[in-house]
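Here's the structure we're looking at; comments come further down.
Worth saying up front: this structure is predicted, and the values here are computed from it rather than measured.
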Amino acid sequence: MIRYLIKNNFKIMVRSITNILLFIATPVILISLLSSAFDSMMKKYEDVGKIEAGYRVAGEGTSAEMINALKQVAEKNGILLHEYQQKTPEELIREEELGGFLVFEEGHYTVYGDQDNPEQGKALEYLVSSFFEKAAKQGSHVDPSTIDIRTEHPDFMAAISAKDYYGIIEVIYIGWCAIVCGAGLFTAEKKYRINKKIQVSGISDTKFYLSRFVPVFLAVVLGTIVTIGLTILMFGIHWGSPLLSALVVLFSCGAATAFGLMFYNITENVVITIIAMFMIVWIMGFCGGSFETYMFSSLPEGLKQMSPIYHINRSLVEMSCAGNSDHVPAALAYSGAIIVVSSAVSILAGKIRKRGRA
């Protein structure tokens, strides 16, 4: 029975090919527009090069050994630190043409950046925070040769073009609007009162949910594959670690499908579901770097961490430019949790609705 439903529902979706074509075409258009608009910004980001920065020790919280270790690690990563005792950080940045300035005080430090070159200040801030995080694990005696910061954080080391960045994240962003692919199926269910016929057949709520989830998921995956293929041919997008990237994209498609079905199973209204999903996905995409790159985003890190799109985007982008990413486990776990929770809510909503009609 369930195989027949899955097959039949998939055929209904294929007949409503316009929605799937829109699902494929939209990211291609966005990639073309955004990659062109932000090309100069991303080029500037790639060409950070050597950074001259200053520092001052204004308290006893940071030892000379720690400062020397920091200078060695910074130099390995293209940042030259020079000590200055006179004038304010702002004056030194302006007069000495420094990319940033560090002031070490009792128990904390402050990073000053150059407003004309904010990416250099971000690079300096990342390096210092990463250094002290790793140095804390070594105790009072820090060995600079054991502290490797290179390629771990795209704010500092990773170089990626606007086409590659937006060529990846826009596919994910539109992929989270997966419910559009199922709009034709839901409309047909309403028109032919399929729900009532299913209710009479006695099929379980779980199987009925799967008869919707599987065909929509397949349509989303196939549409995403076509989109990725087109963008590779048209824009030369580079995807890193193909198998791992494919796994992240697959989990993302599953999470997007389950999330959209959850809203539809609660509302049973296609229009309300699509509007609600577009609003939620826009917010998640805004926080996750789908418009302004997450490297340059001024949003609090905690807010970005709440968006599943952020973890997925970051893992895929880092794999593209660095070959690996520490965010892959978070992306898979977040997507997996959404699939499980959303599916459970959908099935529960079906049970409640069936009891209400009984």
Does [X] use its side chain to pair, donor to acceptor, with the backbone of [Y] at less than 3.5 Å?
| X | Y | answer |
| --- | --- | --- |
| S245 | L316 | no |
| N265 | L261 | yes |
| S35 | K163 | no |
| R56 | Q86 | yes |
| S211 | F208 | yes |

Are [X] and [Y] connected in the hydrophobic side-chain network, where two residues link if heavy atoms are under 4.5 Å apart?
| X | Y | result |
| --- | --- | --- |
| L22 | F217 | no |
| I338 | V341 | yes |
| I339 | M262 | no |
| M234 | W239 | yes |
| L303 | I283 | yes |

When rounded to the nearest 0.5 angstrom, what distance separates [atom1] in [X] from [atom2] in [Y]?
| X | Y | atom1 | atom2 | value |
| --- | --- | --- | --- | --- |
| K304 | N313 | NZ | CG | 11.5 Å |
| F235 | S36 | CZ | OG | 8.0 Å |
| L5 | I203 | CG | CD1 | 5.0 Å |
| Y112 | E125 | OH | CD | 12.5 Å |
| Q72 | E75 | CD | CD | 8.0 Å |
| D205 | I347 | CG | CD1 | 7.5 Å |

On the 0 to 90° scale, with breaks at 30° and 60°, tag the [X]-[Y] ring pair as parallel, tilted or perpendicular.
| X | Y | value |
| --- | --- | --- |
| Y109 | F104 | tilted |
| H311 | Y334 | tilted |
| Y310 | H327 | perpendicular |
| F286 | W282 | parallel |

Any [X] side-chain heavy atom under 4.5 Å of [Y] side chain:
| X | Y | answer |
| --- | --- | --- |
| F263 | I280 | yes |
| V221 | L250 | yes |
| C181 | N19 | no |
| E52 | E97 | no |
| L124 | L81 | yes |
| T293 | Y166 | yes |
| L185 | F10 | no |
| I6 | R3 | no |

Verdict with supporting geometry, I179 and F259, side chain to side chain contact (heavy atoms under 4.5 Å, CB included): CA-CA 9 Å; I179 199 65; F259 196 60; over 6 Å; no
Which pair of non-hydrogen atoms, one from [X] and one from [Y], has the smallest distance, and what is that distance?
| X | Y | result |
| --- | --- | --- |
| S320 | H238 | OG-O, 2.7 Å |
| G175 | V220 | O-CG1, 4.3 Å |
| I309 | G285 | CD1-N, 3.9 Å |
| G99 | Q120 | CA-OE1, 3.1 Å |
| I237 | T231 | CG1-O, 3.4 Å |
| P215 | L210 | CD-O, 3.9 Å |

Atom CD of E95 with >12 non-hydrogen neighbours under 6.0 angstrom: yes
E292 atom CD: more than 12 heavy-atom contacts under 6.0 Å: yes
Test side chain to side chain contact (heavy atoms under 4.5 Å, CB included) applied to Y84 and F101, step by step: CA-CA 9 Å; Y84 296 89; F101 198 92; 3.9 Å; yes
Residues which pass side chain to side chain donor-acceptor pair (under 3.5 Å) with S343, listed by chain and number, not counting sequence neighbours: Y209
Residue pair E189, R212: steps toward the side chain to side chain contact (heavy atoms under 4.5 Å, CB included) verdict: CA-CA 11 Å; E189 286 181 346; R212 284 174 165 176; 2.7 Å; yes
Audit row: I312, V248, side chain to side chain contact (heavy atoms under 4.5 Å, CB included) steps and yes/no: CA-CA 7 Å; I312 296 166; V248 172; 3.9 Å; yes
